[in-house]
Trainee: 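Got a structure for you, questions after.
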Amino acid sequence: RVIAEMIPNSDVDDLTYEYYYPDPLELSYAKIQNFKTNADVRAYLGTYMSDEVVSSWFHDDFVEYGDALYKGYGGKEGL
């Protein structure tokens, strides 16, 4: 699959980072407001569930980037 398309040179200055480096999975990201890391989520779940249950169901499902935690959603099917 071709990710980038050909563009006229006059339009190059108007392009953004997202154009040159698109997300191949086409995910959208939602910032998680009340946790900073997957470890924080795991600790919170541990107050309500056993460690065995948490380990079997939670697999560090969020993206840690910078000083924040994000949930990816809406990606391409079949990847």
Trainee: Step by step, work out the salt bridge (Lys or Arg N to Asp or Glu O under 4.0 Å) result for Asp60 and Arg42.
Mentor: CA-CA 8 Å; Asp60 296 340; Arg42 187 176 291 278; 3.3 Å; yes
Trainee: Please round to the nearest 0.5 Å and tell me the distance separating atom CG of Asp40 and atom CD of Glu64.
Mentor: 8.0 Å
Trainee: What is the minimum heavy-atom distance between Asn38 and Asp61, and which atoms define it?
Mentor: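 Shortest heavy-atom separation between Asn38 and Asp61 comes out as OD1-N, 3.7 Å.
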Trainee: If hydrophobic clusters are built by linking Ile, Leu, Val, Met, Phe, Trp and Tyr wherever their side-chain heavy atoms come under 4.5 Å apart, do Val41 and Val63 end up in the same one?
Mentor: no
Trainee: How far does OH of Tyr29 sit from CG of Leu69, to the nearest 0.5 angstrom?
Mentor: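 So the OH of Tyr29 and the CG of Leu69 are separated by 12.5 Å.
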Trainee: Tell me whether Met49 is reachable from Tyr44 by hopping between hydrophobic residues (I, L, V, M, F, W, Y) whose side-chain heavy atoms are closer than 4.5 Å.
Mentor: yes
Trainee: Measure from the side-chain N and O atoms of Ser55 to the backbone N and O of Glu52, and report whether any donor-acceptor pair falls under 3.5 Å.
Mentor: no
Trainee: Are the aromatic ring centres of Phe62 and Tyr70 under 6.0 angstrom apart?
Mentor: no
Trainee: I'd like to know if Tyr65 and Ile32 are part of one continuous hydrophobic network [Ile/Leu/Val/Met/Phe/Trp/Tyr, side-chain heavy atoms within less than 4.5 Å].
Mentor: no
